[in-house]
Novice: 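Handing you this structure, nothing more for now.
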2 protein chains.
Amino acid sequence: MTARSSGRHRKQNGASVTVSTSSTAILFVGVQVPRLTDARKELRRTQIAAAAVRCFSRNGLERTSIADITAESGLSAGSIYAHYRNKADLVRAAAREVLAKRADVIGEYAAADAPPDPDDLLSRLIAAIDPAEARVGVQTWGEATTDPAIREIVVDMTDRMRAMLHDCVTAWLVKVEHREPAVAREHATPIAHRVMALYQAELLYTALRTPIEVTTS
Amino acid sequence: MTARSSGRHRKQNGASVTVSTSSTAILFVGVQVPRLTDARKELRRTQIAAAAVRCFSRNGLERTSIADITAESGLSAGSIYAHYRNKADLVRAAAREVLAKRADVIGEYAAADAPPDPDDLLSRLIAAIDPAEARVGVQTWGEATTDPAIREIVVDMTDRMRAMLHDCVTAWLVKVEHREPAVAREHATPIAHRVMALYQAELLYTALRTPIEVTTS
DNA sequence: GTCTATACGATGATAGAC
DNA sequence: GTCTATCATCGTATAGAC
């Protein structure tokens with residue numbers, strides 16, 4: 001992740017802004033703002049990554065060729081390599097995106113005012129599973145078993161998710177079950193662990209049992 | 001599973017048997033027995049599959065080349081292709097072997113006289129996990145998301161395992177908890193489901209957190 | 001059945017024009 | 001930045017001798 005900063009907007013305050021090819025644009029003498037084009041660059045990256053995820057969902061991480069991604073994204077090979085150093089880099093980005101999206105879903109419930117009980121929490125998490133992303137998620141698990149970079153991403157995201165679940169369960173124990181915060185945190189650990197495990201199993205189940213939807217376009 | 005029949009034993013009834021290179025050996029006029037060499041053939045197949053599993057454990061399903069397997073098995077490419085139609089065929093065989101081994105472990109406990117309670121059952125299953133096989137197992141999950149043949153194998157083995165767990169839990173409910181067999185079977189279903197889920201999660205955990213052991217030879 | 005050597009296809013990645 | 005065209009590499013699978 002050597003991603004650089006980003007900016008945005010075509011025009012700013014109605015003033016016609018000269019976009020240079022350097023990393024910063026000089027609006028007035030001595031005034032520099034982050035390059036507006038950087039946001040586009042980041043947008044392109046996510047656009048490419050999204051296309052890649054769709055391909056991965058259909059054909060798997062390794063069976064997806066750069067040609068597949070060019071077809072899916074509408075861009076060319078050269079353009080893709082202008083945004084990602086190589087295919088492994090793109091795979092890492094896609095893995096992060098998919099796993100982060102999962103973590104975000106958990107984060108929403110974890111931050112709720114009325115924390116759901118563990119069963120309810122699990123039910124909601126399962127209901128939010130997207131089959132296509134579940135497939136890519138499981139693919140990243142497989143890749144993580146041999147690729148250190150992917151493993152780090154997966155382990156990191158998994159730990160983060162577990163921590164969020166722990167917070168959520170703790171909040172439920174304190175607010176609803178009226179336990180002492182200290183004991184709540186302790187009791188929450190094995191519960192969060194189980195919710196996580198059951199969620200992962202359900203993710204696997206969805207990835208295996210849900211038919212691959214055909215891209216309609 | 002289009003596994004063919006197999007013979008065994010080097011000698012039969014003390015009679016010295018002439019081993020021909022044809023698919024059947026003619027002992028006496030008109031009397032044919034399954035070729036004794038078939039056992040050897042099957043042995044070679046498992047030998048190759050075992051070498052493949054070791055490679056997969058280190059480098060993954062797709063990153064493992066035929067050259068890797070020749071190096072690991074000590075055989076040549078030609079020899080491997082004499083026993084497996086193609087690489088996909090070999091991968092399927094390896095997947096079956098690994099997943100079946102897992103099912104066997106469960107079968108042992110399921111058939112025990114004094115059925116362990118669910119927690120104990122899970123503990124034993126977890127204790128029997130082999131890190132290298134866990135990795136290949138998780139890899140098959142990833143592959144199953146896009147390869148129909150692998151998916152069928154994984155789903156089949158998973159269902160079989162779950163059924164065994166169901167039998168085990170039912171036996172425990174009947175023999176230890178003294179429930180009626182009918183209600184026991186019904187109550188066993190969600191419990192078996194959970195044991196399975198927690199086992200799968202633990203398998204994933206092991207696959208991700210256990211360092212890849214270096215082949216010492 | 002097993003080997004060596006090789007053909008062929010696929011794919012990741014680059015060069016250079018625009 | 002994006003394209004087209006191309007290269008070089010790698011890996012599956014086969015051919016043919018032993």
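For the numbers below, each heavy atom of this structure counts, side chains included, while hydrogens, waters and symmetry mates do not. Convention: sequence-line order gives letters A, B, ...; per-chain numbering from 1.
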Novice: Within this structure, what is the CG-to-C1' distance between A:L43 and D:dG1, rounded to whole angstrom?
Specialist: 14 Å
Novice: Counting only side-chain nitrogens and oxygens, does A:R40 get under 4.0 Å of the OP1 or OP2 atom of D:dG1?
Specialist: no
Novice: So, A:R45 side chain and A:H83 main chain: donor-acceptor pair closer than 3.5 Å or not?
Specialist: yes
Novice: Just compare C:dA13, D:dT2, C:dG12 and give me whichever is closest to any side-chain atom of A:I66.
Specialist: C:dG12
Novice: Kindly compute the distance separating OG (B:S123) from CG (B:L198), expressed to the nearest 0.5 Å.
Specialist: 10.5 Å
Novice: Would one find a side-chain N or O of A:K41 under 4.0 angstrom from OP1 or OP2 of D:dG1?
Specialist: yes
Novice: Which nucleotide wins on minimum distance to the side chain of B:Y81, given the candidates D:dT12, D:dT2, C:dT14?
Specialist: D:dT12
Novice: Looking only at side-chain atoms of B:A82, point me to the closest of D:dT14, C:dA13, C:dT2.
Specialist: C:dT2
Novice: At 4.0 Å (heavy atoms only), tell me whether B:S65 reaches a base, stays on the sugar-phosphate, or touches nothing.
Specialist: sugar-phosphate
Novice: Would you kindly give the CD-to-C1' distance between A:E62 and C:dA10, to the nearest whole Å?
Specialist: 15 Å
Novice: Below 4.0 angstrom from OP1 or OP2 of D:dT4, is there any side-chain N or O of A:S76?
Specialist: no
Novice: Which part of the nucleic acid, if any, lies within reach of A:T64 when heavy atoms closer than 4.0 Å are counted: base, sugar-phosphate only, or nothing?
Specialist: sugar-phosphate
Novice: Please name all residues satisfying salt bridge (Lys or Arg N to Asp or Glu O under 4.0 Å) with A:R194, sequence neighbours left out, ordered by chain then number.
Specialist: none
Novice: Using side-chain heavy atoms (C-beta onward) and a distance below 4.5 Å, is B:W141 in contact with A:Q139?
Specialist: no
